[in-house]
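Keep in mind the model is a prediction, meaning the values are calculated, not measured. What you see below is based on every heavy atom in this structure, not just the backbone, and it leaves out hydrogens, waters and symmetry mates.
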Protein chains: 2
Amino acid sequence: MTTQEQREQDRQSEGQGAGRGQEQALDVFAQLCPSRAMFAELADKWSLLILMCLAELGAQRFSGLQRAVDGVSRKMLTQSLRTLERDGLVRRTVHPQTPPRVVYDLLSPGRELAALVTPIGRWTELNTERMLAAREEFDALHAGAAEE
Amino acid sequence: MTTQEQREQDRQSEGQGAGRGQEQALDVFAQLCPSRAMFAELADKWSLLILMCLAELGAQRFSGLQRAVDGVSRKMLTQSLRTLERDGLVRRTVHPQTPPRVVYDLLSPGRELAALVTPIGRWTELNTERMLAAREEFDALHAGAAEE
DNA sequence: CTGTATCCGAAATGATACTG
DNA sequence: CAGTATCATTTCGGATACAG
């Protein structure tokens, strides 16, 4: 039995034990599962930063987001926002003016997800020094790896 | 004042208020901050799946991981594991045998991070249907977008 | 079994110019 | 302001062959 099959059986057992009518067949570890595609889409630098940013700062205009998410190009920002909007995580509101004013904010699913993502951003900040130190050590050990 | 500068000042105020000696200068939103580079490295499909996998299944051999993280190639698996090892998140243990036996498991930082990542994987599975539905609706609305 | 090295097509991304 | 369109470049990532 493969690991994939084992995992599926585990989850089916759980589902039956709890008596839930909805089978939990979705599995991000399975290559062909739709949830894997969704996960791959969300597990993206820009998407996660945008979600965190909207959660932290609240509703933002396009230009505001571009300033907040430092380094993102208009192209990538547009693209990521479209995807997030399409999946129902972000709402795009156009105020008909000249010049146009477009505001983005999080919908409920987006807020849920952002609440899970933000701690990872914070963790990364708090642990960057440690990881950089580990990296130096690793590189030092593997620099002259053909000795003795 | 830019959003970046505002954020930095916010955090400095927090730090001063709490009287912490270590200034929290790291910011994943800042393009040039080392933590941004770390975040970009971690915010990767394969890295996150590997972390979740090791947390869920415990220590795993290379071949075990390749089966568990369905669809990953040897190349990407090796590459991601090297990065995680280099940053001190994953430990690689070689048991000198023929054929060689290599086991990977999480170090403390890796376990910490995996604990934050796993909920995102679970959330994705639980919300995939909803996001796919939103996507259909979005696509339907924007299919004939040049009417009226 | 656990990799490494190389080739190569596909996809992501930045820069730039243009538009409503 | 808020994008879109296009091009150039880089990077990703799979396939394959080879190695300890």
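- Using a 4.0 Å cut-off between charged side-chain N and carboxylate O, B/Arg130 and A/Glu112 make a salt bridge.
- Each of A/Val69, A/Leu49, A/Leu65, A/Leu84 was compared with A/Leu54 under the side-chain contact (heavy atoms from CB on, under 4.5 Å) criterion, and only A/Leu65 meets it.
- Within 6.0 Å of the CZ atom in B/Arg86, the count of heavy atoms belonging to other residues, nucleotides or ligands exceeds 12.
- In this structure, the CD atom of B/Gln97 is 13 Å from the P atom of C/dC1, given to the nearest Å.
- Between chain A and DNA chain D, the heavy-atom contact criterion of under 4.0 Å yields a 5' to 3' nucleotide range of D/dC1 to D/dC7.
- Under a 3.5 Å cut-off, the side chain of A/Glu125 and the backbone N or O of B/Ser35 do not form any donor-acceptor pair.
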Q: Any chance you could list the contact pattern along nucleotides 7-20 of chain C? Use B for base contacts, S for sugar-phosphate-only contacts and - for none, protein heavy atoms under 4.0 Å, 5' to 3'.
A: B-----BBBBB--B

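- Looking at A/Asp27 and A/Arg36, no side-chain N of the basic residue comes within less than 4.0 Å of a carboxylate O on the acidic one, giving no salt bridge.
- Atom NE2 of B/His95 and atom P of C/dG3 are 13 Å apart (whole Å).
- A donor-acceptor contact shorter than 3.5 Å is absent between the side chain of A/Gln60 and the backbone of A/Asp105.
- Not one side-chain nitrogen or oxygen of B/Arg92 sits closer than 4.0 Å to the OP1 or OP2 atom of C/dT2.
- Partners of A/Glu41 by side-chain contact (heavy atoms from CB on, under 4.5 Å), not counting sequence neighbours, listed by chain and number: A/Met38, A/Thr83, A/Asp87, B/Arg135.
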Q) Does the side chain to side chain contact (heavy atoms under 4.5 Å, CB included) test come out yes or no for A/Leu42 and B/Trp123, once each step is laid out? A) CA-CA 11 Å; A/Leu42 297 173; B/Trp123 184 92; 4.2 Å; yes

